[in-house]
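The next block holds one structure in the form of structure tokens; read it before the comments.
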Amino acid sequence: MADRYEPHVIEPKWQQRWETDQLYYASDEDARTKWYELAMFPYPSGDLHTGHWYHYAGADTHARYMRMLGYNVLFPMGFDAFGLPAENAAIKRGVDPADWTRTNIVNFRRQFKMMGASFDWSREVVTSEPDYYKWSQWWFLQMYNRGLAYRAAAAANWCPGCQTVLANEQVVGGRCERSDDVVERRFLTQWFFKITEYAEELLRFDGIEWPERIMAMQSNWIGRSEGAVLEFEARTGGAAESLGVFTTRPDTAWGATFLVLAPEHALVNLVTTAMQRKAVTEYVQATARASEIERLSTDREKSGVFTGGYALNPFSGVEVPIWIADYVLVTYGTGAIMAVPAHDQRDFEFATKFGLPIVPVYDHPEIDVTAPLKQAIAHGGRMINSGPFDGTPGNEAVQRVIAHAVEKGFGKATITYRLRDWLISRQRYWGAPIPIIHCEQHGILAVPEADLPVELPDHPHFEATGQSPLKQIESWVNAPCPIDGAPARRETDTLDTFMCSSWYQMRYADPRNTERPFSSELGRKWLPVDQYTGGADHAVMHLLYTRFFWKAARDMGIVEGDEPMLRLFNQGTLLGPDGQKMSKSRGNVVAPDDQVAQWGADAFRCQLMFVGPWDQGGPYNPSGMSGIVKWLHRLWGLATEEAVLTSDPKSEATRSLRRATHKAIRAATDEMAGFRFNTLISRLMEHSTAMHKARAAGRVDREAWEEAVSVAVLLTAPMAPHLAEELWARMGKPYSVHQQAWPVCDAGLATDDEIELVVQVNGKVRDRITLPMGASEADARAAVFASETVQQWLKGAEPRRVIYVPGRLFNIVL
RNA sequence: GCCGAAGUGGCGGAAUGGCAGACGCGCUACGUUCAGGGCGUAGUGUCCUCACGGGCGUGCGAGUUCAAAUCUCGCCUUCGGCACCA
């Protein structure tokens with residue numbers, strides 16, 4: 001048996017053993033309290049990179065810790081396997097997306113094993129396999145049956161060169177990332193989930209412990225704003241048409257001197273006069289073409305066109321012109337605004353450019369509002385030019401004007417959200433087919449549950465024909481109508497991959513169920529997730545979708561409770577040694593396989609955990625690795641090399657060693673619970689140093705030494721699982737270290753018997769005094785004033801005041 | 001522009017309002033027949049001092065406090081997210 005620490009020998013050995021023994025298998029029958037620890041599953045592309053290691057090493061460490069605390073831990077892993085990269089590989093290199101994906105998964109599993117991660121592989125899910133996506137389709141049908149899925153026209157990015165729809169991330173600077181063609185917008189009929197029905201509830205984060213940052217980002221994304229919808233009366237030549245505008249400042253309605261509609265607004269056609277028809281049509285087309293590129297730049301000059309139509313401002317009774325402009329978004333509010341140029345900068349710029357009237361409806365303490373304004377001014381003084389409301393102070397105005405509008409019947413208080421419904425259709429091959437059949441006679445029909453899954457056909461075509469790949473496979477598209485069996489056609493859009501990942505945590509509870517997505521017993525046993533970990537890049541998409549999904553499932557009676565993930569921890573982003581994002585083009589990539597070959601998995605895991613706070617990420621510099629490697633070697637030496645043992649339980653040396661051991665337990669427990677792995681390791685290093693000193697001093701008490709060694713191994717086990725297992729075995733302890741109980745701190749043993757009191761004069765440290773533990777304030781005072789150093793600083797002056805912090809500090813104020 | 005997080009040695013980073021710089025890297029000196037990316041001991045913010053010791057120090061400027069890296073206010077910078085949201 002080698003006496004040296006040789007990670008390359010021990011790591012594969014224990015990985016094999018753990019796998020054979022199914023050491024991390026989570027049993028449904030285990031009656032202990034469950035703990036569901038979930039790390040966001042990866043998209044299997046190429047290799048596990050260092051960022052993956054950073055995430056999963058931390059999650060694995062915490063899962064192992066929870067096991068040692070005695071929980072029945074469920075720590076599953078799987079693959080979010082549908083998606084664009086597989087399809088791109090298919091297009092570029094002619095490989096089958098399914099083959100490409102399966103090959104990558106095999107590689108990922110190998111690398112996860114190499115890490116020593118304690119996943120329960122018996123529960124693995126792969127979202128691109130029919131036994132999983134059958135249930136993604138099932139969920140779609142449940143949503144559809146409850147009216148939460150619907151079809152509507154929506155803009156898609158269209159690449160004229162590739163003749164295909166592009167995802168937003170494939171559009172770079174308004175151009176197709178592959179062909180560099182200018183991307184157009186095309187309106188297609190697509191499927192949506194009504195996430196907006198849950199907007200209000202999604203803003204509440206009751207009962208969950210999530211980072212403030214993430215909750216703020218979600219609130220921001222949902223974008224709740226309170227205001228009113230006011231009904232203007234559009235004069236369309238024929239009958240008057242009601243035209244609702246959303247505003248957060250209904251109190252400025254008397255200053256609304258024109259209306260602006262989004263170019264896509266439904267009433268544009270109706271209000272446009274013959275004279276203006278040509279200009280309006282051109283502008284609408286230009287907007288459609290301009291799409292993202294220009295609309296994204298905030299400070300470009302306002303553009304717009306007069307429709308020729310007018311509307312009656314119900315407050316002032318004045319007829320105001322109706323314009324269209326692309327700064328008004330059809331997707332927000334009612335897609336129409338009343339413009340109040342005196343008090344809104346955007347409206348002001350627009351009015352100035354097109355010579356429209358500017359009427360202030362608030363006075364201002366410093367600005368003469370009767371003179372022409374140079375810019376929009378804040379509303380907040382008292383109302384003017386507002387008929388019966390003149391003189392109303394700003395703080396009461398909104399409520400009073402809304403009440404007035406309600407009474408007169410031309411408006412009501414409303415809440416609007418920025419959040420839009422979730423577009424789940426993708427015109428792609430590599431996704432779960434949406435289980436819908438279009439029948440000419442019967443319309444849109446759900447595929448009967450008994451016919452699920454609707455499997456993806458083999459041999460997809462990826463030619464640029466302008467049609468989605470599934471549309472080109474006639475044999476697949478043609479399907480009988482579920483009602484009468486007449487020829488009908490399948491829906492050829494596939495589901496957004498975010499849908500597959502919105503419910504995967506449920507599937508882990510019962511992953512092989514062929515009757516249901518999961519049984520209600522196992523759902524009750526394992527759900528919800530107790531601890532979720534993952535990158536903050538999923539703050540608003542995945543993490544919002546999965547909350548929506550859960551709430552919808554709750555309302556269907558499928559799950560209990562309001563939230564899917566009770567605690568969330570976001571690890572930070574790991575950067576390259578140069579502080580830049582790791583990327584192949586920068587050449588600053590740290591390859592995990594190389595690191596493992598060089599140092600071993602345990603060292604690499606520990607180093608990743610040691611570089612800084614886990615939620616902070618930051619630069620990863622392999623040059624610091626030697627510190628961790630040294631420590632692991634030292635730990636090895638402490639546990640395997642002989643110490644001169646004796647029986648000396650009462651000596652100061654013994655007490656001191658035991659104190660160090662129990663302080664280490666206390667610190668490690670505390671740091672582990674808070675995911676502070678960096679300071680946790682530093683505490684373990686301190687313990688190693690204490691052990692080293694105790695042994696070097698000569699004889700050590702046998703009991704204290706053995707305690708120190710086993711505690712050191714146990715506390716290290718979650719982070720360096722192979723090393724700990726090997727040392728545990730060499731100590732002759734029963735397999736496995738990972739099934740041992742986490743050590744418990746004996747507070748009495750951890751207590752110092754002396755304290756060092758810091759003595760300050762006027763807040764500056766002037767002396768330190770050692771006192772026995774439990775010394776009274778009187779003792780402390782006596783000792784302080786007896787100090788020569790203190791007397792020198794006092795110079796005979798009389799203390800005005802003294803502050804005593806027991807056991808810590810004594811401050812004399814002169 | 002709005003929302004959020006963060007600014008501490010040469011570097012990564014520690015500090016329930018109570019000793020700033022734990023732990024580690026790097027560096028310096030000394031020791032060691034160091035085969036295993038050696039090991040051990042001591043030192044390492046800065047300025048003054050042979051030294052004892054002292055002054056100054058946590059992005060900048062105020063404030064609260066006996067006491068501030070930490071709390072408050074104002075600014076600057078960096079990073080992340082959103083962005084013509086009415």
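As the structure is a computational prediction, the values presented were derived from the model and not from experiment. Basis for what follows: all heavy atoms, side chains included, without hydrogens, waters or symmetry-related copies. Throughout, protein chains are lettered first and strands after them, A, B, ... in sequence-line order, and every chain is numbered starting at 1.
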*Considering only the P atoms, how many Å lie between C79(B) and C27(B), rounded to the nearest integer?*
31 Å

_Separation of atom OH in Y54(A) from atom P in G12(B), rounded to whole Å_ = 14 Å

_Closest nucleotide among G18(B), G81(B), A20(B) to the M217(A) side chain_ = G81(B)

*N762(A) CG to G55(B) P, straight-line distance once rounded to whole Å*: 12 Å

*In whole angstrom, what separates L329(A)'s CG from C84(B)'s C1'?*
7 Å

*Which base sits across from A42(B) as a Watson-Crick or G-U pair, both distances under 3.5 Å?*
U28(B)

*Under 6.0 Å between ring centres, would you say that holds for W599(A) and F604(A)?*
no

*Using the C1' atom as the reference point in each nucleotide, state the distance between G81(B) and A67(B) in Å, no decimals.*
38 Å

*Assign each of Y332(A) and T789(A) to its nearest nucleotide of RNA chain B by heavy atoms, then name whichever residue's nucleotide is nearer the 5' end.*
T789(A)

*For RNA chain B, whose closest nucleotide is more 5', that of M338(A) or that of G618(A)?*
G618(A)

*Would you classify R766(A) as touching base, sugar-phosphate or nothing, given that sugar-phosphate means primed atoms plus P, OP1 and OP2, and contacts are heavy atoms under 4.0 Å?*
sugar-phosphate

_Candidates K663(A), R676(A), R683(A) - the one meeting salt bridge (Lys or Arg N to Asp or Glu O under 4.0 Å) with D670(A)_ = R676(A)

*How would you label the contact of N811(A) with the nucleic acid (heavy atoms, under 4.0 Å): base, sugar-phosphate, or nothing?*
base

*Expressed in whole Å, how much space separates the P atoms belonging to G57(B) and A51(B)?*
23 Å

_Touch class at under 4.0 angstrom, heavy-atom based, for V758(A) against every strand present_ = base

_Tell me the interatomic distance from D537(A), atom CG, to C82(B), atom P, rounded to whole angstroms._
11 Å

*Rounded distance (Å) that lies between atom P of G37(B) and atom CG of D594(A)*: 18 Å

*Would you mind pulling out the nucleotide paired to G37(B), Watson-Crick or G-U wobble, both distances under 3.5 Å?*
none

*Would you call the rings of F205(A) and W210(A) parallel, tilted or perpendicular, where under 30° means parallel and over 60° means perpendicular?*
tilted

*Residues R224(A), E200(A); criterion salt bridge (Lys or Arg N to Asp or Glu O under 4.0 Å); working and verdict*: CA-CA 8 Å; R224(A) 179 183 201 271; E200(A) 198 60 45; 3.2 Å; yes

_For a 4.5 angstrom cut-off between non-hydrogen side-chain atoms, does D537(A) reach T573(A)?_
no

*Mind checking the P distance from U8(B) to G4(B)? Whole angstroms is fine.*
22 Å

*In whole angstrom, give the distance that lies between atom CZ of F350(A) and atom P of A86(B).*
18 Å

_Rounded distance in Å between the P positions of G7(B) and G17(B)_ = 15 Å

_Nearest atoms (heavy-atom pairs only) where M217(A) meets A539(A)_ = CE-CB, 3.6 Å

*T257(A) versus I358(A): any side-chain heavy-atom pair under 4.5 Å?*
no

*Taking NZ, NE, NH1 and NH2 as the nitrogens, is one of them in K353(A) or E349(A) under 4.0 Å from a carboxylate oxygen of the other?*
no

*With P as the reference atom in both, quote the distance from U77(B) to A29(B) in angstrom, rounded to an integer.*
43 Å

_Within the 4.0 Å heavy-atom criterion, would you say V805(A) contacts the bases, only the backbone, or no part of the nucleic acid?_
base

*Mind checking who A5(B) pairs with, Watson-Crick or G-U wobble, both distances under 3.5 Å?*
U78(B)

_Listed nucleotide nearest any side-chain atom of V328(A), set A86(B), C84(B), C66(B)_ = A86(B)

*Please give, in whole Å, the distance from A6(B) C1' to W614(A) CH2?*
20 Å

*Does U65(B) have a Watson-Crick or wobble mate here (both distances under 3.5 Å), and if so which one?*
none

*For A69(B) versus G13(B), give the span between their C1' atoms, rounded off to a whole number of Å.*
14 Å

*C3(B) base to N220(A) side chain: any donor-acceptor pair below 3.5 Å?*
no

*Across the strands shown, which category fits Q760(A) at heavy-atom distances under 4.0 angstrom: base, sugar-phosphate, nothing?*
base

*Distance in angstrom units between F205(A) CZ and G4(B) P, rounded*: 14 Å

*Which pair of heavy atoms, one from H633(A) and one from Y5(A), lies closest together, and at what distance?*
CE1-O, 3.8 Å

_Any-strand Watson-Crick or G-U partner of G17(B), both distances under 3.5 Å_ = none

*Looking at every strand, decide which applies to W221(A) at a 4.0 Å heavy-atom threshold: base, sugar-phosphate, or nothing.*
sugar-phosphate

*Indicate, with yes or no, if the rings of W422(A) and F498(A) have centres closer together than 6.0 Å.*
no

_Apply the syn/anti split at 90° from 0 to G9(B) and say which one it is._
syn

So which protein nitrogen or oxygen atoms get under 3.5 Å of nucleotides 22-25 of chain B's nitrogens or oxygens?
unit_1	atom_1	unit_2	atom_2	d
A22(B)	O2'	E686(A)	OE2	2.8
C25(B)	OP1	K630(A)	NZ	3.1

*Looking for any heavy atom pair under 4.0 Å, which part of the strands does Q598(A) touch: base, sugar-phosphate only, or nothing?*
base

*asked:* Base, sugar-phosphate or nothing for R418(A)? Non-hydrogen atoms, less than 4.0 Å.
replied: base

*According to a strict under-4.0 Å criterion, is R801(A) in side-chain N/O contact with OP1 or OP2 of C66(B)?*
yes

*In the strands shown, is C52(B) matched to any nucleotide by a Watson-Crick or G-U wobble pair with both distances under 3.5 Å, and which?*
none

_P-based separation of C60(B) from U65(B) [nearest Å]_ = 23 Å

*In Å and rounded to the nearest 0.5 Å, what is the CG to CE distance from L680(A) to M609(A)?*
10.5 Å

*When you get a sec, tell me which of G4(B), G37(B), A86(B) is the closest nucleotide to the side chain of T248(A)?*
A86(B)

